> 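Sharing a structure below in structure tokens format, with a few things to ask.
By convention in this document, chain letters (A, B, ...) are assigned in the order of the sequence lines, proteins followed by strands, and residues within each chain are numbered from 1. Predicted model only: the values in this text are computed from it and were never measured.
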Number of protein chains: 2
Amino acid sequence: MYYQQEEQFRYHILAMQRAGNRELTVQLKELDLTPSQAEVLTVLNERSMLTLKEIGQHLICETGSPSRLVNTLVKNGLVEGKTDEQDQRARRYRLSNQGKQKCTAVKQIEDRLYKHIQSIYTEEELKILNQLFTKYIEQTDFHSVFRKRSLYEGDPDSGEL
Amino acid sequence: MYYQQEEQFRYHILAMQRAGNRELTVQLKELDLTPSQAEVLTVLNERSMLTLKEIGQHLICETGSPSRLVNTLVKNGLVEGKTDEQDQRARRYRLSNQGKQKCTAVKQIEDRLYKHIQSIYTEEELKILNQLFTKYIEQTDFHSVFRKRSLYEGDPDSGEL
DNA sequence: CCCTTTTACATGACGTGTCATTCAATTATA
DNA sequence: TATAATTGAATGACACGTCATGTAAAAGGG
């Protein structure tokens, strides 16, 4: 068969994403959160007072402007927004106290996921995988997201220009 | 940072899936198909006269019973279904002539994707990636899907038990 | 300063993914 | 053979992810 490895690769990526997302969905259900909502909380926990557009630039789960996603969190009292004083169009968002609490709970659940990953791959294998992934990601819009989120280095502020 | 590689891995998987899906979505738009719809066509092209449940067992894009997905294709004239004679509950689906035509067009688009993947990774790297992915997939429900779809061997019938 | 263009966001639309519920056909069981 | 349990599928519900459109604020050009 032509492209056998390529086809396998393509469906592997899809399956891995689906599997991971389901795992997270189940775990996060006890917090009444979806994986996407949890990612927003994580982003706002790292860098507060972001506009919608900025939040979008830090999300891997979604490209465009995550209006609905963030507004759901506002409605649920986890995030609060204020109109930007310089720009009346923009709103700046931050975690509420309840949101901060949720966020620590989210971290525990993420740790479970990371431990699961650790149980499957050695640190050496993960490095190989991530290195190869980077070759792909570099060619996509996501590259800047990873930099902004500081997901490449252990250093938690190198993405902030 | 704890779990740095694991976190990167997790988001890499998400980003790769999103990037690939967007690429496919754009390409398939000229056929008026979505990636999920294209996967159903591909499955029915490999093995015809499947029930909804069986189609679901061959799909990586979706778990449950893909009623709506398949019915959209029926409505668009790409797939036709007949009630199973042994089991009045079940319907058996196959590609219409129009569906078969679409399917060859889909293959060309998939080939473009595979060539893109080839342009990023060597065959050796793909083998390493797929081998590592398999370690993960083996622990999920998707393992049987890959076997049924014969995505593991070049042999196009080994999954049929 | 007015007018055009751009920008930030909201919203409608559409097709998923996922789960729960419902319904009818089939199988198992008492 | 009645009846109960199971199964295949349809459907409602909900939250996405993506695109297109609309609206108001801001920026830019004359």
Side-chain angles (χ1 to χ4, degrees), chain A residues 14-15 17-29 31-40 49-57 59-76 78-79 81-93 141-142 145, chain B residues 14-15 17-29 31-40 49-57 59-76 78-79 81-93 141-142 145:
Chain A
L14 178 55
Q17 189 272 327
R18 290 279 193 271
N21 206 57
R22 277 178 213 161
E23 189 174 338
L24 256 187
T25 300
V26 170
Q27 309 274 333
L28 285 171
K29 182 156 277 174
L31 299 182
D32 268 312
L33 288 175
T34 67
S36 294
Q37 291 168 359
E39 195 185 349
V40 173
M49 300 311 284
L50 298 180
T51 67
L52 256 193
K53 192 187 182 189
E54 289 166 345
I55 293 172
Q57 290 169 340
L59 290 179
I60 288 135
C61 69
E62 192 174 340
T63 342
S65 64
S67 315
R68 269 172 285 241
L69 188 53
V70 171
N71 282 329
T72 303
L73 293 173
V74 171
K75 205 185 311 170
N76 294 350
L78 304 179
V79 166
K82 282 183 192 167
T83 303
D84 186 302
E85 295 174 355
Q86 270 70 45
D87 190 337
Q88 299 287 105
R89 290 170 301 180
R91 308 207 86 213
R92 300 211 160 263
Y93 295 91
D141 296 338
F142 290 108
V145 183
Chain B
L14 178 55
Q17 189 273 326
R18 290 280 193 273
N21 205 57
R22 277 178 213 162
E23 189 174 339
L24 255 187
T25 300
V26 170
Q27 308 273 334
L28 285 172
K29 183 155 278 175
L31 300 182
D32 267 312
L33 288 176
T34 66
S36 295
Q37 291 168 359
E39 195 185 351
V40 173
M49 300 312 284
L50 297 181
T51 67
L52 257 194
K53 192 188 181 185
E54 288 165 344
I55 293 172
Q57 290 168 342
L59 290 178
I60 287 134
C61 69
E62 191 174 341
T63 343
S65 63
S67 315
R68 268 171 288 238
L69 187 54
V70 172
N71 282 330
T72 302
L73 293 172
V74 171
K75 206 185 310 170
N76 295 349
L78 305 179
V79 165
K82 283 183 190 166
T83 303
D84 186 302
E85 294 173 355
Q86 269 70 46
D87 189 337
Q88 301 286 108
R89 292 170 300 183
R91 309 206 85 214
R92 299 211 160 264
Y93 295 91
D141 296 340
F142 289 109
V145 183

> First contact, last contact: which nucleotides of DNA chain D are these for chain B, 5' to 3', heavy-atom distance under 4.0 Å?
dT7(D) to dT18(D)
> Can you check each nucleotide of nucleotides 9-18 of chain C against protein heavy atoms at under 4.0 Å and return B for base, S for sugar-phosphate only, - for none, in 5' to 3' order?
SBBBB-SSSB
> Both Asp87(A) and Lys29(A) contact DNA chain C. Taking the nearest nucleotide for each, which residue is further toward the 5' end?
Asp87(A)
> Under the criterion side-chain contact (heavy atoms from CB on, under 4.5 Å), I'd like the reasoning laid out for Leu14(B) against Glu39(A): C-alpha separation, chi angles, the key distance, then a yes or no.
CA-CA 12 Å; Leu14(B) 178 55; Glu39(A) 195 185 349; 4.3 Å; yes
> Please evaluate residues Leu69(A) and Leu59(A) with respect to the criterion side-chain contact (heavy atoms from CB on, under 4.5 Å), reporting the C-alpha separation (whole Å), side-chain torsions for both, the decisive distance (0.1 Å), and the verdict.
CA-CA 11 Å; Leu69(A) 188 53; Leu59(A) 290 179; 4.2 Å; yes
> Charged N to carboxylate O under 4.0 angstrom, Arg18(A) versus Glu62(B)?
no
> Please evaluate residues Leu78(B) and Val40(B) with respect to the criterion side-chain contact (heavy atoms from CB on, under 4.5 Å), reporting the C-alpha separation (whole Å), side-chain torsions for both, the decisive distance (0.1 Å), and the verdict.
CA-CA 10 Å; Leu78(B) 305 179; Val40(B) 173; over 6 Å; no
> Got a sec, which residues hit salt bridge (charged side-chain N to carboxylate O under 4.0 Å, His left out) with Asp141(A), two or more places apart in sequence or on another chain?
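Counting only residues at least two positions away or on another chain, Asp141(A) forms no salt bridge (charged side-chain N to carboxylate O under 4.0 Å, His left out).
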> Which residue in the set Ile55(A), Leu73(A), Asn71(A) passes side chain to side chain contact (heavy atoms under 4.5 Å, CB included) when paired with Pro66(A)?
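So the option named by the test is Ile55(A).
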> Given Val74(A) and Tyr93(A), is the side-chain contact (heavy atoms from CB on, under 4.5 Å) satisfied, shown in steps?
CA-CA 9 Å; Val74(A) 171; Tyr93(A) 295 91; 3.9 Å; yes
> Check this for me: does any side-chain nitrogen of one of Glu85(B) and Arg92(B) sit under 4.0 Å from a carboxylate oxygen of the other?
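No salt bridge links Glu85(B) with Arg92(B).
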